[in-house]
Number of protein chains: 2
Amino acid sequence: MRLLVVEDESLLAEQIREHLVQQQFSVDVAHDGADGWFKLSEYPYDLAIIDIGLPKMDGLSLIRKARQNDIKTPVIVLTARGSWQEKVQGLDAGADDYLTKPFHTEELLARINALIRRAAGQPDPMLHAGPVRLNSRTQQVWLGDDEVSLTAYEYKVLEYFMHNPNKVISKTELTEHIYDQDFDLDSNVIEVFVLRLRKKLDPDGELKPIETLRGRGYRFTMAVS
Amino acid sequence: MRLLVVEDESLLAEQIREHLVQQQFSVDVAHDGADGWFKLSEYPYDLAIIDIGLPKMDGLSLIRKARQNDIKTPVIVLTARGSWQEKVQGLDAGADDYLTKPFHTEELLARINALIRRAAGQPDPMLHAGPVRLNSRTQQVWLGDDEVSLTAYEYKVLEYFMHNPNKVISKTELTEHIYDQDFDLDSNVIEVFVLRLRKKLDPDGELKPIETLRGRGYRFTMAVS
DNA sequence: GCTTTTTGTTTTATTTTTGTAAAAATAAAG
DNA sequence: CTTTATTTTTACAAAAATAAAACAAAAAGC
């Protein structure tokens, strides 16, 4: 899961970033509205956290511009304490939720998770695909009755696959969702992780859960049993 | 599909209920806002129809309260005729659609079905042409019941054909759509790919899906069955 | 600070796809 | 009916993409 934080106060931005990274999110930070717009339009974020008061382009304009450009990334706006109007304006501009500064990180995390869940249309943290089951809250994965132990990145890749079953996912798309923006796209890590996932999810090579589409990417398909 | 109707006018409520039951929905009725809130929070409805003017707790408050509690059941609000403000307030409070009283039952049914469909997520973008079907999200192609496996370029060509059925497509046009600008137009790749597509889509040579128009190009035609 | 695990890189091997070229077939024109 | 142009088909070579293995670096755990 890849998030964007648009916040001009460096200290706060860094603080949020650290907390989110701790929660296994990939996080990019933009320090003004213009940069925020660039990043938001350029990368496929799963969620954006946007401060209302920003230099260059204020948060409201940023959200409006994004929505006008058909960017449907869920957005949480950060508003000043007691500013009832800001909250309403934010939601009107196209934000999905709001949070009043200062806030507890737990609160932010809860709202992030709720929004991501809502966006995925999946209130239940369990994802199923044939014999593979995944609990996105506990990050456990089972193959049939046996639990499969995955490393952090193996899990990220699988989770993305399971959120997008049957979809053709290019290596670029996978890379962008799993790593921060400045990652060497020429690397073959993705191939290696797909290899490792295949070995763990399909030790006997019978199920073929991850199909390769040469020149196009991968497709996660599992017979729904 | 289970629906909730929150409406204080007993006669109208019963009328709506009967129509919906006739359409195979399970329907619960609440006669005031408080009861509506209780039912909405307690049961997993697929959709709620809420009147704005209600005793105990008005419809707007009910919707707001539901949204604040992370209940994302799709909501249609019923507003009085000509009350432009009510409609806006309803949508702002978190409703998904509105309907002005009095209304035709067909209109209500259409909106219910639209909302349920929307909540179920976008259907896959399928293209059909006779026995050939193509899913542009998963890039899968079927011939009758059998999936046909195409390479990246074969897929590109077919997709272009299926987006332009019956149109005469010159080889230049195809080339320009499939390759970057600076591609050697003297090559016969297109012919080769058309050949390969024909073999895969029409192994028995009976359907003739891709017609040749000498000197002009190709035309993709498939009897619509 | 040492050990283990995980992540990412490099290298090599293998497979598949793409594009070329030439021959064969077909259609159109004279 | 013969010639010419165009398209289809075949066979093959080149290029590209992926898989796999082994290794190095980084991170995490003890």
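The chains referred to below are lettered A, B, ... by the order of the sequence lines, with proteins before strands, and numbering in each begins at 1. Only heavy atoms go into these numbers, but all of them, side chains included; no hydrogens, no water, no symmetry mates.
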Participant: Using a 6.0 Å cut-off, check whether atom CG of B:Asn166 has over 12 heavy atoms from anything other than its own residue.
Facilitator: yes
Participant: Taking only N and O in the side chain of A:Thr212, is any of them less than 4.0 Å away from OP1 or OP2 of D:dA19?
Facilitator: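 For A:Thr212, the contact criterion (side-chain N or O under 4.0 Å from OP1 or OP2 of D:dA19) is met.
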Participant: Quick check: any donor-acceptor pair below 3.5 Å linking the side-chain of B:Arg198 to the base of D:dT8?
Facilitator: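 Looking at the base of D:dT8, it does not pair with any donor or acceptor on the side chain of B:Arg198 (distance under 3.5 Å).
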Participant: Send over the distance from B:Leu213 CG to C:dT26 P, rounded to a whole Å.
Facilitator: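 Value for this atom pair: 18 Å.
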Participant: Hey, is the side chain of B:Arg214 pairing donor to acceptor with the base of C:dA28 inside 3.5 Å?
Facilitator: no
Participant: Can you tell me the distance, in whole Å, between the NZ atom of A:Lys208 and the P atom of D:dA19?
Facilitator: 11 Å
Participant: Could you check whether the rings of A:Tyr153 and A:Tyr179 sit parallel, tilted or perpendicular, using 30° and 60° as the cut-offs?
Facilitator: tilted
Participant: Side-chain N or O of B:Tyr218 versus OP1/OP2 of D:dT6: is the shortest distance under 4.0 Å?
Facilitator: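 So the side-chain polar atoms of B:Tyr218 never come under 4.0 Å of the phosphate oxygens OP1 or OP2 of D:dT6.
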Participant: Without decimals, in angstroms, what is the distance between A:Asp186 CG and D:dA17 P?
Facilitator: 12 Å
Participant: May I have the distance from B:Lys200 (atom NZ) to C:dT16 (atom C1'), rounded to whole angstrom?
Facilitator: 11 Å
Participant: Hey, would you say the A:Phe25 and A:Tyr45 ring centroids sit under 6.0 Å apart?
Facilitator: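 They do not qualify: ring centres at least 6.0 Å apart.
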Participant: Closest approach to the side chain of B:Asn188, judged atom by atom: which nucleotide of C:dA22, C:dG19, C:dT9 is it?
Facilitator: C:dA22
Participant: Examine D:dA17: is either OP1 or OP2 under 4.0 Å from a nitrogen or oxygen in the side chain of A:Lys171? Give yes or no.
Facilitator: no
Participant: Calculate, to the nearest 0.5 Å, the distance between atoms NZ and CG belonging to A:Lys200 and A:Leu143 respectively.
Facilitator: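 Interatomic distance, A:Lys200 NZ to A:Leu143 CG, rounded to 0.5 Å: 12.0 Å.
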Participant: Verify the contact: side-chain N or O of A:Thr151 to OP1 or OP2 of C:dT7, cut-off strictly under 4.0 Å; return yes or no.
Facilitator: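 Indeed, a polar side-chain atom of A:Thr151 lies that close.
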Participant: At under 4.0 Å, does any side-chain N or O of A:Tyr179 touch on OP1 or OP2 of C:dT7?
Facilitator: no
Participant: Of the options D:dA21, D:dT8, D:dA19, whose atoms approach the side-chain atoms of B:Leu195 most closely?
Facilitator: D:dT8
Participant: Scan B:Val192 against the nucleic acid and name what it touches under 4.0 Å (heavy atoms): base, sugar-phosphate only, or nothing.
Facilitator: base
Participant: Rounded to whole Å, how long is the line connecting atom CG of B:Leu197 with atom P of C:dT18?
Facilitator: 11 Å
Participant: Would you mind reading off the distance between B:Ile210 atom CD1 and D:dT9 atom P, rounded to a whole angstrom?
Facilitator: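 So the CD1-P distance, B:Ile210 to D:dT9, works out to 11 Å.
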Participant: Heavy atoms only, 4.0 Å cut-off, all strands: where does A:Lys156 land among base, sugar-phosphate and nothing?
Facilitator: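 No contact.
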Participant: A:Arg196 CZ to D:dA19 P: how many Å, rounded?
Facilitator: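 To the nearest whole Å, that distance equals 14 Å.
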Participant: Nearest to the A:Val189 side chain among C:dT20, C:dT9, D:dT18, which nucleotide is it?
Facilitator: C:dT9
Participant: Phosphate oxygens OP1/OP2 of C:dT20: is one of them under 4.0 Å from a side-chain N or O of B:Ser187?
Facilitator: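 The answer is yes; a side-chain N or O of B:Ser187 sits under 4.0 Å from OP1 or OP2.
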Participant: With respect to the side chain of B:Phe193, which nucleotide from C:dG8, D:dA21, C:dG19 is positioned closest?
Facilitator: C:dG19
Participant: When the distance from OH of B:Tyr153 to P of D:dA15 is rounded to whole Å, what number comes out?
Facilitator: 15 Å
Participant: So, taking the atom named OG in A:Ser26 and the one named CG in A:Leu4, what distance separates them when rounded to the nearest 0.5 Å?
Facilitator: 12.0 Å
Participant: Within this structure, what is the NE2-CE distance for the pair B:His128 and B:Met162, rounded to the nearest 0.5 Å?
Facilitator: 8.0 Å
